[in-house]
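Below, chains carry the letters A, B, ... as their sequence lines are ordered, and counting in each starts from 1.
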Amino acid sequence: MSTDRNDEPSLEGGYDPEVVESRWQERWVDSDVYAYDEDEKRDPNTVYSIDTPPPTVSGSLHMGHLYGHTLQDFAARFQRMADGDVLFPFGYDDNGIASERLTEKELDIRHQDYERREFQELCREVCTEYEAEFTEKMQGLGCSIDWNNTYKTIEPRVQRISQLSFLDLYEKGREYRKKAPAIWCPECETAISQVEMEDDERGSHFNDIAFELVGDDAPREEFIISTTRPELIPACVSVFVHPDDEENQDLIGETARIPIFGHEVPIIEDERVDMEKGSGVVMCCTFGDQNDIEWYQAHDLPLRVAIDESATMTDLAGDYEGMSTEEAREAIVEDLEDEGALRDRWEITHAVQVHERCDTAVEYRVSKQWYVEILDHKEEYLEAGREMDWYPEKMFTRYKHWIEGLEWDWLISRQRDSGIPFPVWYCADCDHEVMAAREDLPVDPLSDEPPVDSCPECAHDEFVAEEDVFDTWATSSLTPLINAGWDWDADSEAFTMDNPELYPFDLRPQGHDIISFWLFHTIVKCYEHTGEVPFDATMINGHILDENREKMSKSRGNIVAPDEVLAEYPVDAVRFWAASAAVGDDFPYQEKDLIAGEKLLRKLWNASKLVDTLAPREPDEPADLEAIDRWLLAELDDAVADLTAHFEDYEFAKARDRLRTFFWNTFCDDYLEIAKTREDNPSTQYALRTAHRTFLELWAPFLPHATEEIWQAVYAGEARRASDTSSGEGSEPRDSEATLEDSSIHVRDWPAPQGYEADLEAGETAMEVISALRRYKSENQLPLNADLESVSVYGPVDGFEDAIRNVMHVRELTLLEDEPEISTEVAEIDLDYSTLGPKFGSKVGEIDAGIESGEYEIDENEGVLRVADEELEDDLFEVELERTYSGDGEMIETESAVVILD
RNA sequence: GGGCUCGUGGUCUAGCUGGUCAUGACGCGGCCUUUACAAGGCCGAGGUCGGUGGUUCGAACCCGCCCGAGCCCA
């Protein structure tokens, strides 16, 4: 049956990634190969734990997810092999505005039209669908995630942790509720934080509006203000002039009358006025922008609210009440024109701050919100950042600059439906804050009762439930605590962790765009709760750009979907590509770059087949290894040591290149060709198998599917096939799943150098000689297996004579004791500038010139070079000789040998 | 507008605690069927290391300015 081949790993035929990859992805998940076994007592020093930021449920998997998770997986797979226990969890961030907007879009509804519970239910349904699809795609990436260890930020356990966090910070005095101007999205009808805003270039108009001065002794009748937002004039509370603005000095201290509305406001001086913009005179409205907020606070101005929470004009706007801001803008401009107050109007484009989730221009509104105090602990958070290892190190600067530039505390309350509620009630009489009891969490104040019957402050017995929910980041900043099972133990009255060995986490991976808020907020929360920095190290990945090095975005239409890539190329090839960039650097996606990975998979497959024909699978170790075989294993030792260091430092690109070069050039091109001529040799058989097993292990973090297939087909499969004697039918379910947890290559020990010693110089020289002979054949258009009559070699190749002779088909190989008969003349003199420079300084130029013009003398007896009135010791220069072979045959020179062909 | 980062053959990159033929891959041209792989092997062409000024005996590497790109923040 054809299913036989598809079901069982084998080296038959060519490498078929489609069959192989889906086979192992399924089996890894089914047999819990990557499960973190939390029952046993774990040693915190060897457990490797990753806290990965849960993807926001707002759409499908993109290249950033693919790249980020692949990098994390390199680390996870290496650590699992090198150190044993790894927790690589996964979560979904589905409690915020992002998933609400997704639900509204998906179902074509508005949250305002539903009861809160009802809308929440719809959110859960939509998110669940998206999550299932996302999970499937994630598993298609071959990441070694423990799918038993997943969470959603909206689930009750996380709600409890989130509310516990709120109570803990409140008790520590690090949270407060305050009425103050906040950034507001009129579309989502909620306060949002700074990080949720982005700039957008929009078309608009500048309007020059005339304001009259009040009073008989006013210095002039009117002045002009330029504004893009005439609908805000009913909210105007003052006018500002720069103290250095000579033209408008006369206005300071006067009173202005607002056109149409007629209310009067003071004219004040302030340095924050931008004199270059418009007329240099500016109105302050509550609120048009952040500057208005500063003025409002600094000058203790009154509050005039002309725009409500849905961007509709209030009664303060008089005739314009009930209009949207856009309608009011046009209407007011028209009326200003009728009144003769509109002096000019012209089109402009300018940057408008919009809510990143819905692209609606934000407003600023005064409202009562909850804040986490962070400004007073800036130094501590900086210190926490310094304590972590940053990969790459340079990314710490971003974190540092972000903290140094902080100006606002963290606003954590949102006026939304779907989210985790604040566990708070307020006394209906005195507004005293009543917190939920820890043991009752999670609670929803809208349906649950407060833990007291009457207000502890004023004894009033009615309470108002807090309707707000937490900012998404207030929860997603708790992922280390969620992953470690943080909770409050009522008996011991202390916080506990189910898996304390995980905390602090070894690694926190993320893109460089979220250092300033997600990583920062996570450090803030965890540090305040536990007093510890939550991560030992953080790895910052770059962004995938399009083939023109430009950011992928929907509006540019240059998005590449992982689905399309994976339909064409093996996952392992995609992973190999993902390993090509230095961690932290942005790099472009170019389809052709995946070909290198495909080629490597094919090479690994074919080399494995060859090894399988050359040597028995379990050869005995011979008492003595021959030089060529010992040389390979000694080189392998070096490679293992280098690779281990690279992986430990998250230098995946270096590891990838080192391994590829050694595997392809040294093992396949050099050693395998030699091994073909030595297949019955026990020493070679042993070296071949040792190297092959090690290569599979070393490649495993990068190419998990291909290495698993080969490993299972060649090494792990032996026992299984032996026990499976009952029938030859492939359709029968085998017990391979049951043992995969033990037999998988991914749970093997990472290779360690075995201490082989060999004459590396001789091996290197022998390879040079072989490659020189290959080149000779190639240049003379000879087949590579053509016989060479007689070859003489001068150079250190002891022990490798047979290798050279056999692989290059040399009939007679002679090792020369002495350098062959050659006539020499000086071709060039190489100077050792690194010692010459410091010693002779500016004299180096003269020395160079002397050599160039031939005005020098080499004293062979003294071993010195005399040039430019200086005497250079023999360690400072090297004489390159032009050799001419005067004997019979052709001479080829390599780095450290001379080869003569007769 | 400010900060951080990046700019190396046609493309993607290594090198960047300064030291003299700048690494490899992909692509391109030529040659060759070694006991796996021709989607392989060998050889070759192709670079004023973004530009410019400076420090130095010497700069891809250090410093200044400029240009382009990305991210973050105004």
Does atom CD (E547(A)) have a neighbourhood of more than 12 heavy atoms from anything else shown, all under 6.0 Å?
no

Provide the Watson-Crick or G-U wobble partner of A45(B), both distances under 3.5 Å; none if there is no partner.
none

C1' gap between G50(B) and G29(B), integer Å:
29 Å

Cut-off 3.5 Å, side chains only: do T538(A) and Q510(A) have a donor facing an acceptor?
yes

Output the single nucleotide from C32(B), A36(B), G70(B) whose closest atom is nearest the side chain of L672(A).
A36(B)

Would one find more than 12 heavy atoms of other residues, nucleotides or ligands at under 6.0 Å from atom CD of E812(A)?
no

What I want to check is whether an N or O donor and acceptor connect the side chain of K603(A) with the base of C37(B) at under 3.5 Å.
yes

Minimum-distance nucleotide (side-chain atoms of Q590(A) versus G3(B), G70(B), U11(B))
U11(B)

Please give, in whole Å, the distance from C72(B) P to F520(A) CZ?
17 Å

Could you check whether R575(A) makes a cation-pi contact with F74(A), meaning its NZ or CZ is under 6.0 Å from the centre of the six-membered ring and within 45° of the ring axis?
no

Matching residue for F667(A) among F662(A), W699(A), F695(A) - test: ring-ring contact (aromatic ring centres under 6.0 Å, His included)
F695(A)

Provide a list of protein-nucleic acid N or O atom pairs under 3.5 angstrom, restricted to nucleotides 13-15 of chain B.
from   : atom 1 : to      : atom 2 : distance (Å)
U13(B) : OP1    : R549(A) : NH2    : 2.9
U13(B) : OP2    : R549(A) : NH2    : 2.4

Of the listed C26(B), C73(B), C57(B), the closest approach to the I595(A) side chain comes from C26(B)

Between CG of D572(A) and C1' of A39(B) the distance, given in whole Å, is 17 Å

Any N or O donor-acceptor pair linking the side chain of K676(A) to the base of A36(B) at under 3.5 Å?
yes

Partners passing ring pair (Phe, Tyr, Trp, His ring centres under 6.0 Å) against H65(A) (at least two apart in sequence or in another chain)
H62(A), F134(A)

Across all strands, who's sitting opposite C62(B) as a Watson-Crick or G-U wobble pair, both distances under 3.5 Å?
G54(B)

Of the listed C37(B), A25(B), C42(B), the closest approach to the A596(A) side chain comes from A25(B)

Strictly by Watson-Crick or wobble contacts shorter than 3.5 Å, is anything paired with C71(B), and which nucleotide is it?
G3(B)

Rounded to whole Å, CH2 of W605(A) lies from P of A39(B) at a distance of 19 Å

In residues 662-671 of chain A, which residues come under 4.0 Å of RNA chain B by heavy atom?
W664(A), C668(A), D669(A)

With a 6.0 Å cut-off (strictly less than), is the heavy-atom count around CG of D869(A), excluding the residue itself, greater than 12?
no

Taking the side chain of R398(A) as its heavy atoms from C-beta onward, which of C4(B), G27(B), C32(B) lies nearest to it?
C4(B)

Closest of C4(B), A36(B), G40(B) to the N606(A) side chain is A36(B)

For the C1' atoms, the ones on C73(B) and on A14(B), what distance do you get once it is rounded to whole angstrom?
33 Å

Interatomic distance at C1', U13(B) relative to A22(B), whole Å:
12 Å

Other residues, nucleotides, ligands: >12 heavy atoms within 6.0 Å of E404(A) CD:
yes

Judged by modelled atom types alone, do D612(A) and H692(A) share a side-chain donor-acceptor pair under 3.5 Å?
no

Look at the side chain of E679(A) and the base of U35(B), then say whether one donor and one acceptor between them are separated by less than 3.5 Å.
yes

